[in-house]
Q: 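The following block contains the structure, expressed as structure tokens.
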2 protein chains.
Amino acid sequence: MDIDQTKIPQATAKRLPLYYRYLKNLSASGKQRVSSAELSDAIKVDSATIRRDFSYFGALGKKGYGYNVHYLLSFFSKTLDQDETTKVALIGVGNLGTAFLHYNFIKNNNTKIELAFDADSEKVGQEIGGVPVYHIDEFQKRLKENDVSVVILTVPVHVAQSIADQMDETGIKGILNFTPARLTVPDHIRVHHIDLAVELQALVYFMKHYPV
Amino acid sequence: MDIDQTKIPQATAKRLPLYYRYLKNLSASGKQRVSSAELSDAIKVDSATIRRDFSYFGALGKKGYGYNVHYLLSFFSKTLDQDETTKVALIGVGNLGTAFLHYNFIKNNNTKIELAFDADSEKVGQEIGGVPVYHIDEFQKRLKENDVSVVILTVPVHVAQSIADQMDETGIKGILNFTPARLTVPDHIRVHHIDLAVELQALVYFMKHYPV
DNA sequence: AAACGAATGTGCATGGTTTAACAAAAAAAG
DNA sequence: CTTTTTTTGTTAAACCATGCACATTCGTTT
């Protein structure tokens, strides 16, 4: 059952949530069918790429017709494990962290932030966006207890690595790292970096050196 | 002068800000020389990739020695146009937008958020993180007046496209889009998408289907 | 002065990603 | 019922990025 999934290219995997969300919109607006050309227009991905992406999962469409929105949707729902929710913790309730807590991921996603941690005792004990904030010293214990598998890291850069170091025995499998620190972690933990300053600077570089 | 720059692979261009920032750290801590192996350890990029990236700009290092930190730094400084500051505006002073305003980009970067806009009259007139907040109705006028070339878009998704539509004649060349909307814009505007929900979902997908 | 060690710059092979192009199939039109 | 139109799924080619491996060069040591 999972056999074929391993063969899906990473580039495709990254687009799946995009497809899924747009299909939900289509479905909500009552659309029954959709072509790869229409999807291409909406989400700015080449139509051939879309067709190839879908084809990794088998022949989901019909020639001369397109794709049935509802069928596609229920298919992706299974593929993206929409049925089971992944538990997430947030470490660092600063401005960025607070933004995440107010963001209601569960709406469109299979992920839910269940716990938050901060070093500031003003924040400890509060509940932000429905998520309780605990003291950061408790995070190892509580992550284990609550079977959390993903951490969103929005702490100041100078404490990032030391927190990552304590992540080893908590059962954490993935870190979404918003600090500029390039974390050193054990092999079994996957880290995705989102470096806001780098993103902005890269955009500026592209604007200047790759004029459209 | 810009002739060769066009040939730099996009993947390399995205790593340049990363290199630059780490070199600044090295320089600040008084380090004189550095090897590609050391850099590789620190920023988690293969050493051969680093050497190749640098080589696009010519022979910046010395065999048997490595790279002179100060020389590299002054070189990248020119390449990334660190001398001139790019003016940035932020549209949408919600949680995420506020996070940006408190983030002091100018420290490590050649970018500065100079104006912010919001529809909420409570926020208009305030100054957050030293940045004045104006009413969103004024953004076309003020962007033109202030010669802003980049916009960070942190508004609710349902207004994103209509704001993008008004961006045409403001002189904006780049948009850092944090909304899930895949914007349709004129050719001369470059859009980079950072889709937080997608990033989280992609991480979860990779964790489940590409175990390390 | 010669030998050694360190670390660059790059040729090359490999693998991943995108896109054009088209036969095949189904729907729609006549 | 036949023709035309639409649109998929896929073959093939081009493109891009990564990382090994090594000759080469420079600094250092003996």
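By convention in this document, chain letters (A, B, ...) are assigned in the order of the sequence lines, proteins followed by strands, and residues within each chain are numbered from 1.
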Q: What is the distance, rounded to the nearest whole Å, between atom CG of A/L60 and atom C1' of D/dT8?
A: 11 Å
Q: Tell me whether the OP1 or OP2 atom of C/dG9 has a side-chain N or O from B/K63 closer than 4.0 Å.
A: no
Q: Mark yes when over 12 heavy atoms from residues, nucleotides or ligands other than B/Q32 sit less than 6.0 Å from its CD; otherwise mark no.
A: no
Q: Quickly work out the B/Y67 OH to C/dA6 P distance and round it to whole Å.
A: 17 Å
Q: Mind checking whether B/F54 and B/Y67 have parallel, tilted or perpendicular rings, split at 30° and 60°?
A: perpendicular
Q: Would you kindly give the CZ-to-C1' distance between A/R15 and C/dG16, to the nearest whole Å?
A: 12 Å
Q: Whole angstroms only, please: what is the CZ-P distance between B/R33 and C/dA6?
A: 11 Å
Q: Does C/dA7 have OP1 or OP2 sitting under 4.0 Å from an N or O in the side chain of B/S35?
A: no
Q: Using a cut-off of less than 4.0 Å, is there contact between a side-chain N or O of A/Y56 and OP1 or OP2 of C/dT17?
A: no
Q: What is the distance, rounded to the nearest whole Å, between atom CD of B/Q10 and atom P of D/dT18?
A: 12 Å
Q: For DNA chain C, whose closest nucleotide is more 5', that of B/G66 or that of A/K62?
A: B/G66
Q: Do the two ring centres, one from B/F178 and one from B/F100, sit under 6.0 Å apart?
A: yes
Q: Tell me which residues in residues 44-54 of chain A lie within less than 4.0 Å of DNA chain D, going by non-hydrogen atoms.
A: A/R51, A/R52
Q: Within a reach of under 6.0 Å around NE2 of A/H70, are more than 12 heavy atoms found that belong to other residues, nucleotides or ligands?
A: no
Q: Return whichever of B/G64 or A/A59 has its heavy-atom-nearest nucleotide of DNA chain D closer to the 5' end.
A: A/A59
Q: Just do the side-chain contact (heavy atoms from CB on, under 4.5 Å) check on A/L16 and A/F57 with the steps written out, would you?
A: CA-CA 11 Å; A/L16 295 183; A/F57 301 98; 3.8 Å; yes
Q: Find the distance B/L39:CG to C/dT8:C1' and express it as a whole number of Å.
A: 13 Å
Q: Check this for me: B/E84, atom CD, are more than 12 non-hydrogen atoms of other residues, nucleotides or ligands nearer than 6.0 Å?
A: yes
Q: What residues form a ring-ring contact (aromatic ring centres under 6.0 Å, His included) with A/H192, not counting sequence neighbours?
A: B/F206
